[in-house]
Student: 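Would you mind keeping the following structure in view while I ask a few things?
Numbers here simply count residues along the sequence, with the first being 1. Atoms within each ligand, like the ligands themselves, are counted from 1 in listed order.
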Amino acid sequence: MSNHLFDAIRHSIPAEDAVFIETGDNSTWTYGDMLQWSGRIAGAIDTLGIRPGDRVAVQVEKSPEALMLYLACIRCGAVYLPLNTAYTLAELDYFISDAEPRLVVVTPKAAEGIKAIASKYGALVETLDDHGGGSLIDLAKGEAPDFVDATRAADDLAAILYTSGTTGRSKGAMLTHDNLLSNALTLRDHWQFTAKDRLIHALPIFHTHGLFVATNVILTSGASMFLLPKFDPAEILSLMPRATAMMGVPTFYVRLLQNEGLTRDAVKTMRLFISGSAPLLADTHRAFQERTGQAILERYGMTETNMNTSNPYAGDRIAGTVGFPLPGVTVRVTHPETGVTLPADETGMIEVKGPNVFKGYWRMPEKTKAEFRDDGFFITGDLGKIDQRGYVYIVGRGKDLVISGGYNIYPKEVESEIDQLSGVVESAVIGVAHPDFGEGVTAIVVKKAGSDLSEQAILDALQNRLARYKQPKQIIFVEDLPRNTMGKVQKNVLREQYGNLYAISPNA
Ligand code: MCA
Ligand code: AMP
């Protein structure tokens, strides 16, 4: 009887009274508290009739209790399905219809809206608020703390994370217990995390970065973390003297650099700054090193694969590269059409294989098949090269994707919403260099003759349809979209034409 992921977490606990979480308002959770509360919540989920393999969808604010709910699902064998708090009801309807969760946990204020959706698909609804209260916690209080973990093997599902689809709707990436555990142990060792570390955790916990990379590395090292509800540079700088490491998206580093409090002295207890989820500009890397004396360590991953590559802990952390394949992970660069492996320094499709790579897309066997080669390599959709020394560079995307502040937006989804509006002939959504978010979602729209549709009217129409971060930062009206001889919209022409829209400053 064993629970593949949670057994490893148990074995990493340094002592029951060791600190696991400190919150911004100074409350502390020990590892003993973690065991007790994840156990009670697992008991509550079990009492509700949720069985191993059932999905539990969760859209709640970040809190220690929200992390306990994740661990409770792992312990009782449920498949954890976290959802971005920015998703609208229209977006949630799709996720719930596709994943068919037995239980949906939401904030009390969202409960009414969700109940209408959940009842269509026969799901139960419980609540969790951002102060550790709610109906799920009330149920958990009545449960014993010493829950007996469900048996889960390495290949059993631990989580489904939805990742935006290049065509049509999002796909659910199925992640197994061993996908998560193997990657956490590899990263722990590679980045030399120990029980002495204290991580600044200001990322959201509904994506791979904040949920798995940050949390599972801390749990498997027996370390502790400052769990902060959101990224606030002033708060982070005030906590830094008591911390040893931080993980963030490039926007974190851009914003920290705008703060005069970021100095060599401010970071003197910090041994590691990690960046990922989006390209870190070489300028940001350089400016950070000049200001603090520390080289940001950039790594590369995906929802489907967890982490694939990392710059070295000891050794050159080169700006503009994502480092070497992690131990146990194989990375190759292939010709996008033929699939033939390319020599060093040639640009092609990045493909990866290893225990980190997901099991497939939820209920989409054809899409799964299409994204794997016959020899088991996963086709990432990222274009890159590997140099003579083995450093991996991401040089572009073979997929039509915008990454804004570390969140992925598939243009197709935004275009479909805009194209449905009366007065619109067609639209093209592109990512344009943005000083804060890296890329800004930008819509180029062709109106019907005589239509008086305004930018504001389009934004208003998108308000309840798309999460805020997917909504265009600017909408530009044009007569026609540029097309090639095949009739395909030339987004590269648009990207070039509007490249200076958000006027990047030299140090951004
Ligand atoms: C907030 N807004 C955004 C974004 N975030 N718009 C575009 N892109 C965004 N990322 C909107 C807000 O709704 C608001 O709209 C306005 O922009 C300004 O909000 P602000 O207060 O500046 O935002 P914030 O709350 O400070 O958030 C910015 C952020 C946040 C800290 C960069 O987006 C964030 O934490 N991003 C991390 C995402 C992440 O964890 N990604 C990992 C995915 P208005 O004012 O108009 O209402 S996992 C992954 O990618 C792979 C696996 C990997 O390799 O890690
Ligand atoms: P997601 O679908 O949210 O998992 O995002 C994964 C995508 O983010 C990858 O396929 C890359 O395009 C991008 N990404 C992640 N880390 C990096 C990085 N360090 N540099 C450039 N792109 C990155």
Side-chain angles (χ1 to χ4, degrees), residues 62 82 84-86 161-166 170-171 173 175 183 187 201-215 228-233 235-236 247-256 258 274-282 284-285 296-311 317 319-323 349-352 356 358 371 378-384 392-410 414 431 434 436-442 459 462-463 466-474 502:
K62 186 175 176 184
N84 194 320
T85 47
L161 264 62
Y162 275 83
T163 160
S164 321
T166 34
S170 298
K171 300 167 284 188
L175 295 153
N183 211 234
L187 296 174
H201 189 314
L203 289 157
I205 53 169
F206 38 69
H207 286 307
T208 297
H209 199 163
L211 185 63
F212 302 140
V213 183
T215 307
L228 309 173
K230 63 175 294 218
F231 177 79
D232 173 349
E235 183 176 30
I236 283 169
M247 296 183 193
V249 296
T251 302
F252 282 23
Y253 295 102
V254 169
R255 291 188 183 180
L256 278 171
Q258 287 160 0
I274 301 173
S275 177
S277 307
L280 181 75
L281 292 182
T284 310
H285 191 279
I296 298 171
L297 181 154
E298 186 171 6
R299 59 46 171 194
Y300 158 60
M302 284 181 81
T303 302
E304 288 92 333
T305 64
N306 299 285
M307 299 304 102
N308 298 315
T309 72
S310 168
N311 267 279
R317 298 178 194 164
T321 89
V322 291
M349 179 62 72
I350 299 179
E351 300 185 5
V352 296
N356 53 317
F358 75 140
E371 297 199 21
F378 175 67
I379 306 164
T380 62
D382 292 312
L383 299 176
V392 177
Y393 293 68
I394 298 173
V395 296
R397 292 178 205 134
K399 50 193 175 189
D400 193 13
L401 164 73
V402 180
I403 305 185
S404 170
Y407 286 141
N408 288 7
I409 299 110
Y410 272 91
V414 185
H434 189 286
D436 186 33
F437 291 125
E439 291 179 336
V441 175
T442 306
L459 291 174
L462 298 181
Q463 197 62 38
L466 291 175
R468 191 97 187 100
Y469 68 89
K470 297 180 190 170
Q471 296 174 23
K473 298 281 177 218
Q474 271 201 50
Y502 305 107

Student: Pull out every atom of ligand 1 sitting under 4.0 Å from any heavy atom of L203, numbered as shown with elements.
Tutor: 40 (O)

Student: Report the relative orientation of the aromatic rings in H434 and Y502; use parallel for angles under 30°, tilted for 30 to 60°, perpendicular for over 60°.
Tutor: tilted

Student: In the complex you have, is atom 14 (C) of ligand 1 within reach of the protein, judged by whether a heavy-atom distance drops under 4.0 Å?
Tutor: no

Student: Which protein N or O atoms sit under 3.5 Å from any N or O of ligand 2? Give each pair with its distance.
Tutor:
from     : atom 1 : to   : atom 2 : distance (Å)
ligand 2 : 2 (O)  : N408 : ND2    : 2.7
ligand 2 : 3 (O)  : N408 : ND2    : 3.1
ligand 2 : 4 (O)  : T303 : N      : 2.5
ligand 2 : 4 (O)  : T303 : OG1    : 2.6
ligand 2 : 5 (O)  : N408 : ND2    : 2.9
ligand 2 : 10 (O) : D382 : OD1    : 3.3
ligand 2 : 10 (O) : D382 : OD2    : 2.6
ligand 2 : 10 (O) : K399 : NZ     : 2.7
ligand 2 : 12 (O) : D382 : OD1    : 2.6
ligand 2 : 12 (O) : D382 : OD2    : 3.4
ligand 2 : 16 (N) : S277 : N      : 3.2
ligand 2 : 19 (N) : E298 : OE2    : 2.9
ligand 2 : 19 (N) : R299 : O      : 2.7
ligand 2 : 20 (N) : E298 : OE2    : 3.4

Student: Check for me whether the distance between the ring centres of Y407 and F437 falls short of 6.0 Å.
Tutor: no

Student: Please classify the Y300 to ligand 1 contact at 4.0 Å (heavy-atom distances, strictly less than): side chain, backbone, both or neither.
Tutor: neither

Student: With atom 18 (C) of ligand 1 as the reference point, say which of F212, F231, F437 has the nearest heavy atom.
Tutor: F437

Student: For atom 46 (O) of ligand 1, which protein heavy atom lies nearest, and how many Å away is it?
Tutor: R468 NH2, 2.7 Å

Student: Check the side chains of Q258 and R255 for a donor-acceptor pair under 3.5 angstrom, ignoring hydrogens and angles.
Tutor: no

Student: For G405, is at least one N or O under 3.5 Å away from an N or O on ligand 1?
Tutor: yes

Student: If I apply the N/O under 3.5 Å rule, does R255 come out as touching ligand 1?
Tutor: yes

Student: Checking the side chain of N356 only, and the main-chain atoms of T305 only, is there a donor and an acceptor separated by less than 3.5 Å?
Tutor: yes

Student: Going through the distances and angles, do R397 and E439 end up as a salt bridge (charged side-chain N to carboxylate O under 4.0 Å, His left out)?
Tutor: CA-CA 13 Å; R397 292 178 205 134; E439 291 179 336; 3.2 Å; yes

Student: Please say whether T251 places an N or O atom under 3.5 Å from an N or O atom belonging to ligand 1.
Tutor: no

Student: Walk me through whether Y410 and K470 qualify under side chain to side chain contact (heavy atoms under 4.5 Å, CB included).
Tutor: CA-CA 8 Å; Y410 272 91; K470 297 180 190 170; over 6 Å; no

Student: What distance separates I403 CD1 from N408 CG, expressed to the nearest 0.5 Å?
Tutor: 4.5 Å

Student: Looking at ligand 1, is there an atom of it that comes within less than 4.0 Å of some heavy atom belonging to K470?
Tutor: no

Student: Does either side chain, that of Y162 or that of N84, offer a donor lying less than 3.5 Å from an acceptor on the other one?
Tutor: no

Student: Is there a side chain to side chain contact (heavy atoms under 4.5 Å, CB included) between M349 and I379? Walk through the geometry before answering.
Tutor: CA-CA 7 Å; M349 179 62 72; I379 306 164; 3.5 Å; yes

Student: Is it the case that the side chain of H209 and the backbone of S277 share a donor-acceptor pair, with hydrogens and angles ignored and the cut-off at 3.5 Å?
Tutor: no

Student: Would you mind running through ligand 1 and noting each atom that sits below 4.0 Å from a heavy atom of T303?
Tutor: 52 (C)

Student: I'd like to know if atom 26 (O) of ligand 1 has any protein heavy atom within a distance of less than 4.0 Å.
Tutor: yes

Student: Under 4.0 Å from a heavy atom of Y469: which atoms of ligand 1 are those, numbered in the order shown and with their elements?
Tutor: 3 (C), 4 (C), 6 (N), 7 (C), 8 (N), 9 (C)

Student: For atom 35 (O) of ligand 1, what's the nearest protein heavy atom and its distance?
Tutor: P204 CD, 3.6 Å

Student: Partners of N183 by side chain to side chain donor-acceptor pair (under 3.5 Å), sequence neighbours excluded?
Tutor: none

Student: Would you check whether G210 reaches within less than 4.0 Å of ligand 1, judged by its heavy atoms?
Tutor: no

Student: Within the 4.0 Å heavy-atom shell around S404, which atoms of ligand 1 are there?
Tutor: 7 (C), 8 (N), 9 (C), 10 (N)

Student: Is it the case that the side chain of T284 and the backbone of A282 share a donor-acceptor pair, with hydrogens and angles ignored and the cut-off at 3.5 Å?
Tutor: no

Student: Could you check whether any side-chain N or O of E304 sits under 3.5 Å from a backbone N or O of T380, counting only pairs where one atom can act as donor and the other as acceptor?
Tutor: no

Student: For side chain to side chain contact (heavy atoms under 4.5 Å, CB included), just list the numbers for F358 and L161, CA-CA rounded to whole Å, side-chain angles, deciding distance to a tenth of an Å, and then say yes or no.
Tutor: CA-CA 10 Å; F358 75 140; L161 264 62; over 6 Å; no

Student: Which residue and atom name correspond to the protein heavy atom nearest atom 21 (O) of ligand 1, and how close is it?
Tutor: K230 NZ, 3.9 Å

Student: Would you check if the side chain of K62 reaches a backbone N or O of L203 as a donor-acceptor pair within less than 3.5 Å?
Tutor: yes

Student: Does a side-chain N-to-carboxylate-O contact under 4.0 Å join E371 and K171?
Tutor: yes

Student: Atom 33 (O) of ligand 1: which protein heavy atom is closest, and how many Å away?
Tutor: Y407 CE1, 3.5 Å

Student: Enumerate the atoms of ligand 1 whose separation from the nearest heavy atom of H207 is less than 4.0 angstrom.
Tutor: 43 (C), 48 (S)

Student: Report the C-alpha separation of I296 and I274 in whole Å, then their side-chain angles, then the decisive distance to 0.1 Å, and conclude whether the side chain to side chain contact (heavy atoms under 4.5 Å, CB included) test is met.
Tutor: CA-CA 6 Å; I296 298 171; I274 301 173; over 6 Å; no

Student: Out of P250, A278, S277, A202, who is nearest to atom 50 (O) of ligand 1 when you count heavy atoms only?
Tutor: S277

Student: Need the ligand 1 atom indices (1-based, order shown) with element for anything under 4.0 Å from a heavy-atom of M302.
Tutor: 52 (C)

Student: Just distances here: any N/O of K473 and N/O of ligand 1 closer than 3.5 Å?
Tutor: yes

Student: Hey, is the main chain of S275 close enough, under 3.5 Å, to the side chain of E298 for a donor-acceptor pair?
Tutor: no

Student: Is it the side chain (CB and beyond), the backbone, both or neither of H209 that lies under 4.0 Å from ligand 1, heavy atoms counted?
Tutor: both

Student: Kindly compute the distance separating CD1 (I394) from OH (Y300), expressed to the nearest 0.5 Å.
Tutor: 5.0 Å

Student: List ligand 1 atoms under 4.0 Å from G301, heavy atoms only on the residue side.
Tutor: 54 (O)

Student: Heavy-atom distances under 4.0 Å are what count here, so tell me which part of R299 touches ligand 1: side chain, backbone, both or neither.
Tutor: side chain

Student: Measuring to protein heavy atoms, does anything land under 4.0 Å from atom 37 (C) of ligand 1?
Tutor: yes

Student: State whether the shortest distance between N or O atoms of G406 and N or O atoms of ligand 1 falls below 3.5 angstrom.
Tutor: yes

